[in-house]
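Here's the structure, in structure tokens; my notes come after.
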Amino acid sequence: KELSESDLTRILFEFELNLIAADVAASVASEISKAVLNKLKGQTVGRFSDTRKLVLNAVREELSQILAIRPLDILKKIQEQRNANLSSSQWKPFVIVFLGPNGSGKTTTIAKIANLLKKSGFSVVLACSDTFRAGAIEQLEEHAKRLGIRMIKREYGADPASVCFDAIAHAVAKKIDVVLIDTAGRLATDVDLIAEMQKIVRVSKPDIRCLVVDALMGNDLVVQAELFNNGVGIDCSVLTKVDADVKGGAAITLIHVTKKPIEFIGVGQKYEDLKKFEHEWFLEKIIG
Amino acid sequence: AIFQGLRKLFSKLRGRYIDEKELDNILKNLQRTLIESDVNVNLATSLAERIREKVLEAKIPTGVSIDTIVMRVLYEELVKFLGEKRYSLNIQPGKRNVIVLIGLQGSGKTTTAAKLAFWLKRRGLNVGLICADTYRPAAYDQLKQLAEQISVKFYGDQKERDPIKIIEKGLKELRNIDVIIVDTAGRHKEEKGLMKEMQEIVDKFKPNEVLLVIDGLIGQRAYDQAKAFKEAVGEIGGIIVTKLDGSARGGGALSAAVAAGAPIKFIGTGEHIEEFEPYDPPTFVCRILG
Ligand SMILES: Nc1nc2c(ncn2[C@@H]2O[C@H](COP(=O)(O)OP(=O)(O)OP(=O)(O)O)[C@@H](O)[C@H]2O)c(=O)[nH]1
Ligand SMILES: Nc1nc2c(ncn2[C@@H]2O[C@H](COP(=O)(O)OP(=O)(O)OP(=O)(O)O)[C@@H](O)[C@H]2O)c(=O)[nH]1
Ligand SMILES: [Mg+2]
Ligand SMILES: [Mg+2]
């Protein structure tokens, strides 16, 4: 028999709603649905084959292709940079800038990654480039204290880019492996704040620009991810608050829109609550 | 303003006879619009179904055209859903009122505590802020700095690990205050210990208002989280939706309001203290309907 477009459309509409209920953004669910429709329509299949099952497998295939993007493997890159530094007269610290919407978990994620780096034998310095939000400097400073690492700061109201400059100069002078730069939260729809972030990136010339977003975000994740990626450019993401009983579809939205890998996920508020992104786990949660 | 948006949706329904297929098409579009605005899928579906039932069973008086009936039913159902009036805070004059802010991690509670304090102060009330967040590093510093910015009394204790003890002491220390706003730690429904702690805070201090602060960018998970918060504290007096200065439509926050059985009372429209205003249903409805 030939797969009828009307049958496919009806079944796909149901799958679309399921994807949305699993936290995939509506426009992304719709694109996945269209891709599957184009793949399957007009195909000839066995007389008794189950159309629904064919759609399920095709959707699964689409999701899997999105999720299976190759990770950057940041630890490996940092090790390579360190090896290059040790055999060179110049010291070039590995710089990571963290950016993202307000309250997504940037500061906490930086502390978790600093913890991981320290445990992996690397030296780390933190830069508090959030010179705007109340308590931002004290918050990162408390993490620095708990982790036994140095934090570079300036006063509230100072130019965020100037803190990056100081921190990198410090890292070069003291031969520190990694500089982690914390920035103020911002909605990507704010043109001035995107311009501020562009300046931070221009000054700090980071090896990695890491977008931090939380797994509870809805359809606006498409807009935020797009604007950060196009306006500033990102190399990877961290998806936080995955422990909050989420279905995980935000991972699909994030990777589909940015075409960049998710390096880590946040699964709680403590330093050890940082895991490598595992696409099988997300695939099962979204469509299992 | 709500009717303008709906009239566009229903311009196809002219004429006396209800074409069920046409009605289903319209309701499907409404459902899609709501879902694209982050409204919970089940909620959007049940709203569409309720409207369909009511329209089909409506007795249409002679001379009234079908599109008017559909409009009226939709308006009634949406208003139930989206709220039709501004609700004020449950604050009793002449007494000391306690407001407790609760919500998910990073939703904007601490910033909102200061915004609400400033808004009330502008209205001639004496306000105090208590930091009862004993988990987040520098939560004390954050609220203290905000309190200083708006010249409002502040109480906190960086050494005390028990939020109940902090609130007890704070209520004693902050004398001659009309409204005390208590900021609590962010939490979600899987963190059972934190949900229990929140329940204990509300049980012990019986606040005049428990306000759930919801991030305007939140998606499908808002409904279940809000439901769990409501079950833990018994009753939620109101919702404050934050970060509406962006492009998020706010359907998640709306779903949370439905789940919590609480009206939206204020919205946050930016990172600055004055970016805060009472909830206005028509504006929000237009936002949700795109
Ligand atoms: N449950 C849970 N909470 C998290 C996770 N990551 C961060 N948080 C919490 O989210 C809240 C906000 O975290 P921050 O690190 O301050 O977020 P931020 O992006 O730096 O916020 P701004 O700088 O204000 O934009 C805090 O209460 C964190 O403990 C996570 O993976 N799981
Ligand atoms: N753009 C925008 N940002 C906001 C708004 N309200 C709060 N924020 C920002 O959201 C971030 C989180 O705010 P907080 O007040 O720290 O959130 P919280 O709920 O207290 O966080 P936890 O205590 O960690 O749960 C900060 O960067 C705030 O400046 C708003 O209306 N618009
Ligand atoms: Mg931060
Ligand atoms: Mg807070």
Side-chain angles (χ1 to χ4, degrees), chain A residues 13 16-18 20-27 29-30 101-105 107-108 111 132-143 145-146 156 184-190 193 213-224 227 240-241 243-247 249-250 253 268-269, chain B residues 28 31-32 35-42 44-45 104-111 114 135-149 185-191 194 215-222 224-225 228 242-243 245-253 255 270-271:
Chain A
F13 180 67
E16 219 174 304
L17 284 186
N18 289 338
I20 294 171
D23 300 333
V24 178
S27 57
S30 167
N102 306 79
S104 65
T107 306
T108 308
F132 168 74
R133 206 210 67 211
I137 298 176
E138 289 80 2
Q139 183 184 5
L140 193 64
E141 197 148 40
E142 175 61 23
H143 283 304
K145 200 195 263 150
R146 292 181 190 180
Y156 283 106
R186 67 204 64 220
L187 292 183
T189 38
D190 188 320
L193 293 184
V213 285
D214 82 48
L216 295 121
M217 276 189 79
N219 289 307
D220 206 51
L221 177 55
V222 174
V223 174
Q224 297 296 324
L227 292 178
T240 64
K241 306 177 197 170
D243 51 307
D245 187 26
V246 302
K247 299 287 181 276
T253 306
Q269 307 191 71
Chain B
K28 200 164 202 169
Q31 196 180 344
R32 169 159 282 147
I35 290 172
E36 284 171 354
S37 291
D38 289 323
V39 173
N40 185 275
V41 170
N42 294 334
T45 306
L104 296 165
Q105 284 90 352
S107 59
K109 297 173 294 300
T110 305
T111 310
Y135 300 96
R136 175 170 156 149
Y140 171 97
D141 295 272
Q142 185 182 3
L143 191 57
K144 181 158 192 279
Q145 287 171 19
L146 290 171
E148 282 165 1
Q149 281 178 31
R187 67 201 76 218
H188 61 68
K189 66 184 174 71
E190 305 310 309
E191 294 163 325
L194 291 179
D215 190 330
L217 286 85
I218 197 169
Q220 291 293 316
R221 309 268 61 83
D224 290 342
Q225 290 288 349
T242 62
K243 309 178 197 172
D245 40 309
S247 46
R249 298 250 196 96
S255 306
E271 299 177 81

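Numbers restart at 1 for each chain; the letters A, B, ... are given by sequence-line order, proteins then strands.
Comparing B:R187, B:R136, B:K189 by how many heavy-atom pairs each has under 4.5 Å with chain A, the most go to B:R136. Heavy-atom pairs under 4.5 Å with chain A were tallied for B:G106, B:S107, B:P137; the largest tally goes to B:P137. Per-residue counts of heavy-atom pairs under 4.5 Å with chain B were compared for A:I20, A:T108, A:T189, A:V223; the largest is that of A:I20.
For A:A26, the part sitting under 4.5 Å from any heavy atom of chain B is the side chain, from C-beta outward, and nothing else. The contact between A:L193 and chain B is made entirely by side chain atoms (from C-beta outward), counting heavy-atom distances below 4.5 Å. Of the atoms belonging to B:E191, it is side-chain heavy atoms, and not backbone ones, that fall under 4.5 Å from chain A. Neither the backbone nor the side chain of B:N42 comes within contact range of chain A; no heavy atoms are under 4.5 Å apart. Using a 4.5 Å cut-off between heavy atoms, B:K28 contacts chain A through its side chain alone, with no backbone atom that close. Interface remark: B:R249 contributes no atoms to any contact with chain A (heavy atom separation under 4.5 Å).
For the side chain to side chain contact (heavy atoms under 4.5 Å, CB included) test, residues two or more places apart in sequence or in another chain that qualify with A:T253 are A:V24, A:A25, A:V28, A:L221, A:V222, A:V257. Evaluation of the side chain to side chain donor-acceptor pair (under 3.5 Å) rule for A:K247 yields no partner, not counting sequence neighbours.
Listed here is the closest heavy atom pair of B:L217 and A:Q224: CD2-CG, 4.2 Å. Smallest separation of non-hydrogen atoms from A:Q269 and B:Q105: NE2-NE2, 2.9 Å. Heavy-atom minimum distance, A:D245 versus B:E190: CB-OE2, 3.2 Å. Taking all atoms of both residues into account, the shortest heavy-atom contact from B:Q220 to A:D23 is CB-OD1, 3.6 Å.
Between the CG atom of A:D190 and the CD atom of B:E271 there is a distance of 7.5 Å, given to the nearest 0.5 Å. Atom CG of residue A:L216 and atom CG of residue B:D215 lie 9.0 Å apart, to the nearest 0.5 angstrom. Note that CD of B:Q145 and CD1 of A:I137 are 8.0 Å apart. Values are rounded to the nearest 0.5 Å.
A donor-acceptor distance shorter than 3.5 angstrom exists from the side chain of A:N219 to the backbone of B:E36, with no hydrogens or angles considered. In this structure, B:Q225 contributes its side chain and A:A244 its backbone to a donor-acceptor pair below 3.5 Å. In this structure, A:E142 contributes its side chain and B:A138 its backbone to no donor-acceptor pair below 3.5 Å.
Between A:L17 and B:Q31 the shortest side-chain heavy-atom distance falls below 4.5 Å.
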So A:E138 and B:Q142, side chain to side chain contact (heavy atoms under 4.5 Å, CB included) or not? Walk me through it. CA-CA 8 Å; A:E138 289 80 2; B:Q142 185 182 3; over 6 Å; no

